[in-house]
Amino acid sequence: MIQFPRFMSAFVPPRPEPLPAPAGGGQPALQPAPRPQPFGSASTFDATPVPASNLHTERLGDGSANCLEKAVTLSRPGDSILLMRDASDGVGHALVRKPDGSVVDPNHPTVRYETLGQWQATHSRYSQPVPVPADRMRQVLSTPPGPQREALIQKLGLTGVADRQVADGERWVSPRKDDINTRASPSTQGTWIATLNRDDTMKVLGQNEDGSWLNVELENGTQAWVYAPLTQEANAPGLPPPAPPPREPSFPRWLANGTCPPEIEMHVWTHLPKESREQIIQTAREKAVAETWPMPEFDPNGPPPSSVSPLVWNHLPPEGKQQLFQQEWQAAVREQTSLIFNGVPEGGVVAEHPFLGVDSSLGDGQVGEWLENALREGSAAQYINLEKALGPGWRQVHYNLCGPLAVGGSLGMSPKEALTAFKDAGGTNASILNGGGTTKATPLQKVYEARGWTTGYTSGAATMPAPEDMARMLEEGKALIALVNIDTDGADGMLRDMADSTKQVSHWVNVRAVEENGNGDWMVRVYNPFENREEVYSWSDFESSWAKNGGMVPGQNEGDPPVFKLNAGHGLLVATPPQDPPASP
């Protein structure tokens, strides 16, 4: 069995400017009479300067109302982000430019400027716009700051604009009560501008000398003054979360289609024999897969690959072991290559070369502990005698151990380790285990939480994640335990549509990988504890087993009639590992 690694300048509030006219006409708002004082004079508000950010340092979703983050959020496919330079303090601004040339300022998302020039007419200090495609900007900012982001900035040709600063730390306030008036100047005698209620928000631009009045920008972009004691701090107006960056194709189109590689001239390619062309494509595909699933480090003292007898393995010299290890890895790559480029057979397939690990019998069927603690040889691998595994006082017959074993599989545990971790997790877990019944999500969550993980559980078809979202969860190191339907009669415990199952059983599996194949379709690799093996399914087959599950749950004793339990809709337990502790200073 082979393991494959898996998958600054300070912010100074700008001087108030006239309200830009909406595209298509309209009059600018009244100018505030006196120039407001920037934060730093006597005020009830914190005047601590907030550092700016740029493409190197900006973090999406960090809680700062940053124009760059808001621009990325507002952008849609085909848009570009304009990075503007500020001549007054060097802290620039980000705009969204639409394909028709119109511009949206993220601070005034309801106002559309027909051209960039129209926006600059009322924002004269901003100049030197540099456009960046919105999808590239989103791709960069969705990558955590660090070496990977720096490499991406260089790859996408954004080095020249990556240092441009944008301002974080905008301050927003809201009325303490309804019917608060805003004025054109800092006085009750000032011209009335608008009446606001407590659920409205205002961006603070500055204040008068004694801090009793705040110069604010209303949500529609109008500037006004409001009496400070009648306000309270508020969060910036909510925006929808940033759209995830579009996933680049997993493999080049020529590789997926098996056509001429870019490094070979077409006239040379067409004159090659068919067998030579096929061999070139196959070699290139295996190389691409091997880059995604690199060979693990060889350990001559480690256990043998699943296809090699321990008796044979233990009598081989180190160089012989390494040769067999290399052969097993190459066979695993060939199997994965076939699944990715030829597709997963309908109904799924049992993986002949599992990717789970080299230090246990996980994924290898009824061997080792799975055989030592089995109810009997030849039964399903998850049918375990708890008295053998855990000691006297535990029930001998248990058919419903898929939950603890699926969680254990995600943590690399042997069956005995998984069952011990489950019973020791607290609550009613021990009594549930010794009771012989099925396991719900909450007891499984306790196993992760006892190790410092955070967990969540969702159910129902309306909350079913998209495959690309599940792929991202796995890339982030999360563990996914899915409640699916299997057929224990006609399909040997493999995932099946509930309506097509001879015997319907609600069942927990560990989702190991969700991958896009060469044709842009998705496939799912799961660890199924029913027979202690890995299985691979097309997304449609996985989804159909997930969309409705429940059905026939085995009875307490062998031969007892099954109990019918219907769960209309998927279930997914998501466990997030603890963050690494901060390094010592």
Side-chain angles (χ1 to χ4, degrees), residues 4-7 75-80 99 131-143 148-149 151-158 243-295 330 332-346 348-349 351 355 465-475 512-525 536-543:
F4 286 74
R6 196 60 192 138
F7 333 92
S75 66
R76 297 294 178 263
D79 293 349
S80 59
V132 178
D135 58 344
R136 291 191 181 184
M137 183 70 75
R138 184 177 293 110
Q139 187 178 358
V140 168
L141 299 185
S142 297
T143 303
Q148 186 176 359
R149 180 186 285 194
L152 188 59
I153 288 173
Q154 186 173 9
K155 176 183 177 181
L156 297 178
L158 301 179
R247 294 183 67 90
E248 296 183 357
S250 299
F251 301 96
R253 184 51 48 195
W254 69 267
L255 192 62
N257 294 338
T259 54
C260 179
E263 66 272 13
I264 299 179
E265 295 184 8
M266 181 59 70
H267 73 277
V268 175
W269 178 257
T270 56
H271 284 83
L272 289 175
K274 179 181 177 182
E275 296 77 9
S276 298
R277 296 198 300 267
E278 290 177 348
Q279 184 59 47
I280 291 172
I281 293 297
Q282 180 66 20
T283 300
R285 286 175 171 177
E286 290 183 12
K287 180 180 178 182
V289 170
E291 291 174 352
T292 305
W293 299 92
M295 188 176 78
Q330 291 174 339
V333 168
R334 284 194 296 272
E335 181 182 19
Q336 178 76 348
T337 301
S338 176
L339 292 172
I340 286 178
F341 292 101
N342 299 330
V344 181
E346 184 177 358
V349 63
F355 293 156
E468 52 266 37
D469 294 329
M470 293 186 69
R472 287 192 181 94
M473 293 180 197
L474 292 169
E475 289 169 0
R512 304 292 303 182
V514 179
E515 300 170 301
E516 192 174 11
N517 66 18
N519 296 321
D521 298 323
W522 292 86
M523 65 184 198
V524 183
R525 182 181 291 264
V536 185
Y537 298 88
S538 67
W539 176 261
S540 60
D541 281 345
F542 174 75
E543 187 178 29

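Computation of the quantities below employed the complete heavy-atom set of this structure, encompassing side-chain atoms and omitting hydrogens, waters and symmetry-equivalent molecules. Everything numeric here is computed off the predicted structure, so don't read it as measured data.
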Participant: Measure across R285 and N257 and return the closest heavy-atom pair with its distance rounded to 0.1 Å.
Facilitator: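 That would be NH2-C, 4.1 Å.
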Participant: Can you tell me how far NZ of K155 sits from CD of Q148, rounded to the nearest 0.5 angstrom?
Facilitator: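 Reported to 0.5 Å precision, the distance equals 10.5 Å.
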Participant: Got a second to check how far M523's CE is from W539's CH2, nearest 0.5 Å?
Facilitator: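 The CE atom of M523 sits 13.5 Å away from the CH2 atom of W539.
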Participant: Quick one: closest heavy-atom pair of P261 and I280, and the distance?
Facilitator: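 Heavy atoms only, the tightest pair is CG-CG2, 4.2 Å.
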Participant: Give the C-alpha distance, both sets of side-chain angles, the deciding distance and a yes or no for side chain to side chain contact (heavy atoms under 4.5 Å, CB included) between V514 and M473.
Facilitator: CA-CA 10 Å; V514 179; M473 293 180 197; over 6 Å; no
Participant: Using distance alone, with no hydrogens and no angle criterion, decide if Q279 and E275 have a side-chain donor and acceptor under 3.5 Å apart.
Facilitator: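 Distance-only check fails for Q279 and E275.
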Participant: Taking all non-hydrogen atoms of both residues, which atom of A284 and which atom of L255 are closest, and how far apart?
Facilitator: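 That would be CB-CD1, 3.6 Å.
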Participant: What distance separates I264 CD1 from R277 CZ, expressed to the nearest 0.5 Å?
Facilitator: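 I264 atom CD1 to R277 atom CZ measures 10.5 Å (nearest 0.5 Å).
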Participant: Determine yes or no for a side-chain-to-main-chain donor-acceptor pair under 3.5 angstrom, with T270 supplying the side chain and H267 the backbone.
Facilitator: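 Yes; judged by distance alone, with no hydrogens or angles, the pair exists.
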Participant: Kindly compute the distance separating CD (E515) from CG (L339), expressed to the nearest 0.5 Å.
Facilitator: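 Answer for the CD-CG pair, E515 versus L339, is 9.0 Å.
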Participant: Quick one: pull up OG in S80 and CZ in R136 and give me the separation to the nearest 0.5 Å.
Facilitator: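 Spacing of OG (S80) from CZ (R136) equals 11.5 Å.
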Participant: What closest approach, in Å, do T143 and L152 show between heavy atoms, and which atom pair accounts for it?
Facilitator: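 In this case the closest contact between T143 and L152 is OG1-CD2, 3.6 Å.
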Participant: Do W522 and E468 pass the side chain to side chain contact (heavy atoms under 4.5 Å, CB included) test, and can you show the C-alpha distance, the side-chain angles, and the key distance before you say yes or no?
Facilitator: CA-CA 8 Å; W522 292 86; E468 52 266 37; 3.8 Å; yes
Participant: Of all residues at least two apart in sequence or in a different chain, which pass the salt bridge (Lys or Arg N to Asp or Glu O under 4.0 Å) check with D541?
Facilitator: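 Applying salt bridge (Lys or Arg N to Asp or Glu O under 4.0 Å) to D541 gives none.
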Participant: Does a side-chain N-to-carboxylate-O contact under 4.0 Å join R138 and D135?
Facilitator: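 Looking at D135 together with R138, the answer is no, because their closest N to O distance does not fall below 4.0 Å.
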Participant: Does atom CD of E278 have more than 12 heavy-atom neighbours from other groups under 6.0 Å away?
Facilitator: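 Buried by this count: over 12 neighbours within 6.0 Å.
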Participant: Which distance, rounded to the nearest 0.5 Å, do you find between the CD of E286 and the CD1 of I281?
Facilitator: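 Result: 12.0 Å between the selected atoms.
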Participant: If I compare all heavy atoms of G518 with all of R253, which pair ends up nearest, and what's the gap?
Facilitator: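 That closest heavy-atom pairing would be O-NH1, 3.4 Å.
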Participant: Please find the pair of heavy atoms, one from V140 and one from R149, that lie closest to each other, and give the distance.
Facilitator: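 For V140 versus R149, the nearest heavy atoms are O-NE, 3.3 Å.
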